[in-house]
Amino acid sequence: MTSTHPESGPAELAGLLRTQGDLTDPAWEQAFRRVPRGLFIPDAIWAPDARDATWLVRVERDDPYWSQVVYSDSAVATQADDGAPDGPGGRGRYVTSSASQPSLVLRMLDALDVGEDSRVLEIGTGTGFNAALLAERLGGPNVVTVEVDGQVAAHARERLAAAGLAPTVVVGDGARGAPSHGPFDRVIATVAAGPVPYAWVAQTRAGGVIVVPWGTPYASTGLLRLVVKEDGTASGPVIGRAGFMWLRQQRGLTGGWRTYVDTSAPVETSASTLDPDDILRMDSPARFAVGLRVPGLCQVDFHASDGSGEYTLWFYDGSGAWASLDYVPGAGEYVVEQHGERRLFDEVEAAYRWWERNGRPDCERFGATVTANGEHVWLDRPECVVS
Ligand SMILES: C[S@@+](CC[C@H](N)C(=O)[O-])C[C@H]1O[C@@H](n2cnc3c(N)ncnc32)[C@H](O)[C@@H]1O
């Protein structure tokens, strides 16, 4: 649901965010009022096709939807399919760049906890709007932003110049950080990661903060807030939900599930009492936990159209292994089929039971420690490593 101020503009958007309780820091409010979001949004944006929401359609600036969505508390899809949409009639399939939802932008900036002269690295320039807010508050020389897509970066650079702001825009793989521009006091990733690239820790001063949407592509991501220590590691908890697109190289499997699931293959059949409703929604706590404990897991669901409430879950990992579970409301026990070397459903069930035994934790009970040798996921305390 989009909440829009009746008269749309930067001041009205700031007012709306203040009313919602998202804009509490006067310094960010000043930046928000000075930086017009609309300046950073391209003339053509993307919206779900009203006739078939599995596709995206292009919407031009003169369409009323454009200004309605730009000055509302909504994410704006600004690129489809890495800039090369090839669906019928020019339609796109996946959003690959966007201006994040303003209330989420503010939540992340608050979590970043900048000082007035903090030097900040942003990963995922996108439209340049977040970099503009940072540059407005901290000054252009204190802000470096990295974007993997050359066209997206060029648009952001041009818009930032039009706004009179001059952060450094680097085109490249943000997973490497910006080594020649560091060290930084803060790193903010506006693109999801898991594991967190160690380069970000290495380029941040001790005591510095890293804010990053984190988890696995199996579930909606949580917002991880790491503090960098003297020993060169960084650790911290998930502080809330923050659904984001993934770093390009961590996107997980692309392509339809049929690419990875051969339903004619021999299967092993069993039964399970696992309640699949708990792992149906992307933002369910169980799903966040299961994703962390079952590497590479993907899932799709198909629902019966006869009103019976029945559905089938398909699990796969790209290796050829797959599993399915047929849900029938009220049955209490469900038929499971598995194929391949990896018994994917057994792994899902073990992870789910672990989640139950540990009090059904929500994502905020998880955290991570990032070291030069890898990332450790923990529950409640850094000593309680779970994967
Ligand atoms: C949600 S958008 C960023 C929103 C942006 N901060 C803004 O204010 O508009 C995520 C961006 O991350 C970029 N991205 C994806 N993978 C990346 C990578 N490995 N390095 C740098 N940028 C990446 C995408 O191209 C996309 O533009």
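Index from 1, following the sequence. Counting starts at 1 for both ligands and their atoms, in listed order.
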Could you list which atoms of ligand 1 come closer than 4.0 Å to a heavy atom of [X]?
X      : result
Met245 : 10 (C)
Val146 : 21 (C), 22 (N)
Gly172 : 20 (N), 21 (C)
Thr127 : 7 (C), 8 (O), 9 (O)

Would you say [X] has more than 12 foreign heavy atoms packed within less than 6.0 Å of its [atom1]?
X      : atom1 : value
Gln151 : CD    : no
Arg18  : CZ    : no
Arg176 : CZ    : no
Glu341 : CD    : no

Checklist entry - Considering all heavy atoms of both residues, which atom of Val146 and which atom of Gly177 are nearest to each other, and what is their separation? => result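 Minimum heavy-atom contact is CG2-O, 4.0 Å.
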Check [X] against ligand 1 and report side chain, backbone, both or neither, counting heavy atoms closer than 4.0 Å.
X      : answer
Val105 : neither
Val191 : side chain
Gln79  : neither

Checklist entry - Can you find a pair of side-chain heavy atoms, one from Asp278 and one from Ser284, that are under 4.5 Å apart? => result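 Asp278 vs Ser284: side chains apart.
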Item to check | Ala131 near ligand 1 by a heavy-atom separation under 4.0 Å | outcome: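 Ala131: no contact with ligand 1 (<4.0 Å).
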Next on the checklist: Looking at ligand 1, is there an atom of it that comes within less than 4.0 Å of some heavy atom belonging to Thr78?
Outcome noted: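 Judged by the 4.0 Å heavy-atom criterion, Thr78 does not count as contacting ligand 1.
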Checklist entry - Just checking, is any N or O donor in the side chain of Tyr316 or Asp262 under 3.5 Å from an acceptor N or O on the other one? => result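 Distance-only check fails for Tyr316 and Asp262.
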Next on the checklist: Tell me the protein heavy atom at minimum distance from atom 10 (C) of ligand 1, and give that distance in Å.
Outcome noted: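 Of the protein heavy atoms, Thr190 O, 3.4 Å lies nearest.
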Checklist entry - What protein heavy atom sits nearest atom 5 (C) of ligand 1, and how far away is it? => result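 Atom 5 (C) of ligand 1 sits closest to the protein heavy atom Thr125 O, 3.2 Å.
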What I want to know is whether [X] and ligand 1 share at least one N or O pair that is separated by under 3.5 angstrom.
X      : answer
Glu147 : yes
Asn130 : yes
Ser100 : no
Ala175 : no

Checklist entry - With Asp25, which of Val114, Asp113, Asp110 fulfils side-chain contact (heavy atoms from CB on, under 4.5 Å)? => result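 By the side-chain contact (heavy atoms from CB on, under 4.5 Å) criterion, Asp25 pairs with just one of Val114, Asp113, Asp110: Asp110.
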Next on the checklist: side-chain hydrogen bond (donor to acceptor under 3.5 Å, both in side chains), that's the test. Do Ser220 and Arg287 meet it? Break it down for me.
Outcome noted: CA-CA 8 Å; Ser220 300; Arg287 199 156 162 165; over 6 Å; no
